[in-house]
Protein chains: 2
Amino acid sequence: MAPTVKGPDARRERWKGHREARRAEFVEATIKAVARLGPDVGMDDIAAEAGVSKPVLYRHFADKSDLYLAVGQRATEMLMDRLGPAIAEDGPIRERIKRIVDAYLTVIEENPNLYRFVVRGSFVDRPVEKDVVSEDKELIATSLARLLGDYLRSYEMDSGGAEPWAHALVGMVQNAGDWWLERQSMSRESLSDYLATIIWHAIDGLLRSAGVHADPERPLAPLRLVER
Amino acid sequence: MAPTVKGPDARRERWKGHREARRAEFVEATIKAVARLGPDVGMDDIAAEAGVSKPVLYRHFADKSDLYLAVGQRATEMLMDRLGPAIAEDGPIRERIKRIVDAYLTVIEENPNLYRFVVRGSFVDRPVEKDVVSEDKELIATSLARLLGDYLRSYEMDSGGAEPWAHALVGMVQNAGDWWLERQSMSRESLSDYLATIIWHAIDGLLRSAGVHADPERPLAPLRLVER
DNA sequence: AGTAACCGTTACCTCAAGTAACACTTACGC
DNA sequence: GCGTAAGTGTTACTTGAGGTAACGGTTACT
């Protein structure tokens, strides 16, 4: 008897997994709704898409921002799924940078509405306290920062600048992608190339100024990005 | 009689300047309100700050986005006022870039709420049609693109990449500044320096790859930025 | 004097986010 | 098996901010 002292009632634990699954289900519904109805869907539309009514939604998400945040995280996950392979591939550094950037652009090109929903679709309600949108950029930037930090340290350089670097790079690619997505005035290929050029030169210059002559062919050590 | 055939009535023209002034007045009030009440003020608050009631506001601005846009433009103007001198100063290029970046960071540091209002304070209502927020970034980026284009052409290089470059740079500085503004984990000085380093290396690398050896001391020709 | 522009108000409408209240289902605990 | 704790779901409401209607007063051109 009393196999676990802690749980006062097993009934409380029974649903743990279920709730998770339900949240995920609603997140998927939201993504579908966004794809169909554009980035400014309402909670009613989302609920309808999921085949339920609004209060059900609110039993799983505290408010709109909470849902938005979950969608953002899911989107980040989807993005990472595409970025991961691009990062893992080997080849000349310059080429790899380009492939990573290109993977990013491909993703936003394929899901423009979802993209807009996540980065633009702010949320008037929540003032400043919990900055939902940038939470995702933050995540990516943090991973990148770790990556850059390791990279710099592998050259025995000061890694203090890794964080600003990461945010700078994220902002750079994001903003350029944003601009490109709205008026597609050049091919994805070209943009990837331009951006990769900038990034590569920045990195190369940094190393160069530290007296390190980076080998563009160098495999760059094991690159792992996030592990959520 | 009938001194001017075109104007059916002089009474229509009489207010031209006045309306402009009034709009400006409301824009100023909005900026004050934002500074006091944070970036998510309502129209009522703004009207109150201006000492009038809401409908008056709506006689001068079609809707919230219209006001936001005007505020954004004003903010951009203020920013340019600070960036202008930094751009005009001479000195080594690397130094100048740093001063420009630093000027930007100083501005957002001095008006954090206004900054948040402009870049974050999206607007749920207006879906995609008129992208109010990025209109300002657009403006800056466009100026920068012209500047870069001229610069590249002065070295007789292909200027096709000027536009993506401009958007990339804008996004870079903006995002890094954003991150810095929220958790000020390093001095402005340091961040300016990191960013300037990235930018300078990117430019230098670009020129270098085209076989041009840029002189960091070169005065860089007359730099004019916008003229609105 | 008439009227075209402005000044300004209070009281309303609208619409989406979020909540209350109510009813049914499942399965653990004793 | 009965109580109950979790979940399922509904319709109908409240709230708040954006935005509008309708009204009245002032100035100055014609």
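Each chain gets a letter, A, B and so on, in the order the sequences are listed, and its residues count up from 1.
If you measure from atom CE of B:Met43 to atom C1' of D:dT20, you get 13 Å, rounded to the nearest angstrom. Rounded to an integer number of Å, the gap from OH of B:Tyr68 to C1' of D:dG18 is 10 Å. Rounded to a whole Å, the CG atom of B:Asp44 is 13 Å from the C1' atom of C:dT10. Separating the CG atom of A:Asp66 from the C1' atom of C:dA17 is a distance of 14 Å, rounded to the nearest angstrom. Between B:Asp45 atom CG and D:dG16 atom P the separation is 13 Å, expressed in whole Å. Atom CG in B:Asp40 sits about 12 Å away from atom C1' in D:dA17, given to the nearest Å. The interatomic distance linking A:Glu20 (CD) with D:dG7 (P) rounds to 12 Å, in whole Å. In this structure, the NZ atom of A:Lys54 is 12 Å from the P atom of D:dT11, given to the nearest Å.
You'll find that the side chain of A:Pro55 is closest to D:dT11, out of D:dT11, C:dA17, D:dT8. Of the candidate nucleotides C:dC7, D:dG19, C:dG18, D:dG19 has the atom lying nearest to any side-chain atom of B:Asp63.
Ring planes of A:His167 and B:Trp179: parallel class, angle under 30° (limits at 30 and 60°).
Nearer to the 5' terminus of DNA chain D, by closest-nucleotide assignment, is the contact made by A:Ser53 (compared with the other of B:Tyr58 and A:Ser53).
Two rings, from A:Phe117 and A:Tyr68, have their centers less than 6.0 Å apart.
Between B:Arg23 and B:Glu20, none of the side-chain N atoms (NZ, or NE/NH1/NH2) sits under 4.0 Å from a carboxylate O, so this pair counts as no salt bridge. Salt bridge status for B:Arg153 with B:Asp150: present, with a side-chain N to carboxylate O gap under 4.0 Å.
Regarding contacts with the backbone of C:dA5, every side-chain N or O of B:Arg19 stays at 4.0 angstrom or more from both OP1 and OP2.
One cannot find a donor-acceptor pair under 3.5 Å joining the base of D:dG19 and the side-chain atoms of B:Lys64.
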